[in-house]
Undergrad: 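I am attaching a structure below and will ask some questions about it afterwards.
Since we're looking at a predicted model, the values are computed, not measured. Numbers here simply count residues along the sequence, with the first being 1.
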Amino acid sequence: MFSKAFMEELMKPQDLYSHRALRCVLTRLAHTSIMRLNPASMDRLYDLMTMAFKHQILLCPRPRDLLLISFNHIDAIREMVTDSPCLVNQINDAQRQIIEIYTPLSDGELQLMRQTLLALFQDFHIKVSIFLKEKIQNPDGRFVLSTSGPVPHGSEVPGLIRWFNSRGREVRRREFPSGGCYTSAVREGSFDISGDRVTRLGKNKYSATSAEDTRTSDTSKNTYKAKQESVGPNPLAKEELNLLAKLMGGMEVWSLAHADTGIRVNLFPTDEDEGGISVGTDEPSFGVINIQATKDHQANTELTRIAAEFTEQQDQPEGPSNKGDDLLAMMDDL
């Protein structure tokens, strides 16, 4: 991907790729590894890549930050191959070519590039679960533009109108509500081969989401523990389970003296093995009720007798019906 011949061909002035050509290039890049994707999986991967790319371009604070987003991608690739000096040198050479070609461009030329890329993906409104979860994408697939946060580098916080005379002196100013909560711009990102890019666009979104999910999971776990400590088990639950056990033919109840938070029912012997998963954790143990319908021989004998009666009734052959006998029997009853 970062070979000299490929990068030289990629850097030549050329027309924008079509979706078909872009899909072909990305498919070949994906299949250069040991990974093999079927057409359905490749469709989903292509949709994810295009929507992530569109999101980064759309939220780009200023046109020149397109380079910072690309450098974030390159930095992430470089970190994956730090143990291979040959690959690191190829990546550095490719990044030098990008710096030499695109850094001298004006803001207008970079803005034209940004608008061209957005026009290519303007009809793409594919819903992505991670974007929907973070509420940066609407249910119709369109992205949400924030009206808060730091303004682009070199810009001022909106909310002030200033008038100047012919000599360049300020003669009047007026404030107006900007409709958002904006802050001053942060420092400018580094356009060198290595450095702080400042912007988060172009970084791995799943790594940040995983950390957030971990914090959310820990909070939910602590909340669940607090609820278990404050709320005791329902006493009617045990009685209902005892009734169920009696109806099924037998009952064996374990001691619930050490049960702090609830009741667990074992209807099958394999359920005992599943309980071993929680061994060694800090979760409170559950009171267990084992229902063993095979240990009450008296109840089983009664059930067997009843079943045998049904069997005998079904096995009796039905003789030819005599309507006269039935009529006499009805008259005798009267």
Side-chain angles (χ1 to χ4, degrees), residues 1-60 65-103 110 113-114 116-131 137 141 190-195 197 199-211:
M1 181 177 177
F2 291 97
S3 62
K4 184 177 180 180
F6 182 78
M7 291 302 301
E8 289 179 354
E9 183 67 24
L10 191 63
M11 294 298 173
K12 290 181 180 179
Q14 52 190 306
D15 294 334
L16 188 66
Y17 283 10
S18 63
H19 287 290
R20 183 176 181 180
L22 183 61
R23 168 69 180 269
C24 181
V25 172
L26 293 178
T27 302
R28 292 185 179 182
L29 288 176
H31 289 167
T32 54
S33 64
I34 61 175
M35 177 177 57
R36 291 295 180 269
L37 300 176
N38 56 26
S41 299
M42 191 62 209
D43 290 340
R44 296 182 63 183
L45 179 61
Y46 181 75
D47 293 340
L48 177 61
M49 289 189 297
T50 52
M51 291 304 293
F53 179 78
K54 179 180 178 180
H55 172 257
Q56 295 172 8
I57 301 300
L58 189 63
L59 270 66
C60 185
D65 285 348
L66 291 174
L67 298 177
L68 298 179
I69 296 174
S70 301
F71 293 162
N72 275 335
H73 294 164
I74 296 176
D75 293 343
I77 298 174
R78 187 188 295 110
E79 292 177 359
M80 297 179 182
V81 295
T82 52
D83 55 345
S84 177
C86 180
L87 293 178
V88 172
N89 291 333
Q90 288 185 356
I91 295 173
N92 292 339
D93 291 339
Q95 190 171 359
R96 290 190 187 96
Q97 294 184 37
I98 296 175
I99 294 174
E100 293 175 359
I101 295 175
Y102 292 100
T103 300
L110 292 172
M113 292 174 52
R114 179 174 180 267
T116 304
L117 293 173
L118 289 176
L120 178 64
F121 298 103
Q122 64 178 348
D123 295 330
F124 277 62
H125 304 295
I126 303 168
K127 292 179 287 186
V128 181
S129 59
I130 186 173
F131 293 151
Q137 189 180 26
S190 174
F191 291 89
D192 297 331
I193 293 181
S194 61
R197 314 302 180 187
T199 180
R200 295 288 304 175
L201 295 175
K203 292 185 176 294
N204 187 2
K205 289 191 65 65
Y206 287 95
S207 61
T209 304
S210 299

Undergrad: Suppose we screen for side chain to side chain donor-acceptor pair (under 3.5 Å). Which residues come up paired with Gln56, at least two apart in sequence or across chains?
TA: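 Expected list: His73.
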Undergrad: Using side chain to side chain donor-acceptor pair (under 3.5 Å) as the criterion, list what pairs up with Asp93, not counting sequence neighbours.
TA: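 Expected list: Arg96.
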Undergrad: Tell me which pairs pass salt bridge (Lys or Arg N to Asp or Glu O under 4.0 Å) where either residue lies in residues 70-86, with sequence neighbours left out.
TA: Asp75-Arg78, Asp75-Arg197
Undergrad: What residues form a salt bridge (Lys or Arg N to Asp or Glu O under 4.0 Å) with Arg44, not counting sequence neighbours?
TA: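 Salt bridge (Lys or Arg N to Asp or Glu O under 4.0 Å) check on Arg44 returns nothing, list empty.
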Undergrad: In Å and rounded to the nearest 0.5 Å, what is the CG to CZ distance from Leu48 to Phe131?
TA: 7.0 Å
Undergrad: Which residues satisfy the side chain to side chain contact (heavy atoms under 4.5 Å, CB included) test with Ser129, sequence neighbours excluded?
TA: none
Undergrad: Return the minimal non-hydrogen interatomic distance between Asn92 and Ile193, and the atom names on each side.
TA: OD1-CG2, 3.8 Å
Undergrad: Closest approach of Met51 and Gly141, non-hydrogen atoms and distance?
TA: CE-O, 4.0 Å
Undergrad: Rounded to the nearest 0.5 Å, what separation is found between the CD1 atom of Ile57 and the CG atom of Leu66?
TA: 5.0 Å
Undergrad: Quick one: list whatever passes salt bridge (Lys or Arg N to Asp or Glu O under 4.0 Å) with Glu9, sequence neighbours left out.
TA: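 Glu9: salt bridge (Lys or Arg N to Asp or Glu O under 4.0 Å) contacts with Lys12.
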Undergrad: Whether the side chain of Gln137 engages the backbone of His125 through a donor-acceptor N/O pair (distance < 3.5 Å, no angle test) should be reported.
TA: no
Undergrad: What residues form a salt bridge (Lys or Arg N to Asp or Glu O under 4.0 Å) with Arg114, not counting sequence neighbours?
TA: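 Counting only residues at least two positions away or on another chain, Arg114 forms no salt bridge (Lys or Arg N to Asp or Glu O under 4.0 Å).
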Undergrad: Who pairs with Asn72 by side chain to side chain donor-acceptor pair (under 3.5 Å), at least two apart in sequence or on another chain?
TA: none
Undergrad: Find the distance between CZ (Phe53) and CG (Leu58) and round it off to the nearest 0.5 Å.
TA: 11.5 Å
Undergrad: Between His55 and Leu201, what is the shortest heavy-atom contact and its length?
TA: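 Minimum heavy-atom separation between His55 and Leu201: CE1-CD2, 4.4 Å.
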Undergrad: Kindly give the heavy-atom pair with the smallest separation between Cys60 and Asp65, and that separation in Å.
TA: SG-CB, 3.5 Å
Undergrad: Run the side chain to side chain contact (heavy atoms under 4.5 Å, CB included) test against Thr103 and tell me which residues pass, sequence neighbours left out.
TA: Leu67, Ile99
Undergrad: Is Arg20 atom CZ crowded by more than 12 heavy atoms from other residues, nucleotides or ligands, each under 6.0 Å away?
TA: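 It does not: Arg20 CZ has 12 such atoms or fewer within range.
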Undergrad: Enter the distance from Lys4:NZ to Gln90:CD here, rounded to the nearest 0.5 Å.
TA: 11.0 Å
Undergrad: Provide the closest heavy-atom pair for Leu68 versus Thr199 in the form atom of the first, atom of the second, distance.
TA: CB-CG2, 4.0 Å
Undergrad: What's the shortest heavy-atom distance between Ala94 and Phe2, and which atoms?
TA: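 Residues Ala94 and Phe2, closest heavy atoms: CB-CD2, 3.6 Å.
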Undergrad: Report the residues that fulfil salt bridge (Lys or Arg N to Asp or Glu O under 4.0 Å) with Asp43, sequence neighbours left out, ordered by chain and then residue number.
TA: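 Salt bridge (Lys or Arg N to Asp or Glu O under 4.0 Å) check on Asp43 returns Arg23.
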Undergrad: Is there a side-chain contact between Leu117 and Leu16, using heavy atoms and a 4.5 Å cut-off?
TA: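 Heavy-atom side-chain distance check passes, below 4.5 Å.
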Undergrad: Sequence neighbours excluded, which residues qualify as ring pair (Phe, Tyr, Trp, His ring centres under 6.0 Å) partners of His19?
TA: Phe121, Phe124
Undergrad: Can you tell me how far apart CG (Leu118) and NZ (Lys54) are? Round to the nearest 0.5 Å.
TA: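 Going from the CG atom of Leu118 to the NZ atom of Lys54 covers 8.0 Å.
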Undergrad: Mind checking what makes side chain to side chain contact (heavy atoms under 4.5 Å, CB included) contact with Met11, not counting sequence neighbours?
TA: Met7, Gln97, Ile98, Ile101, Tyr102
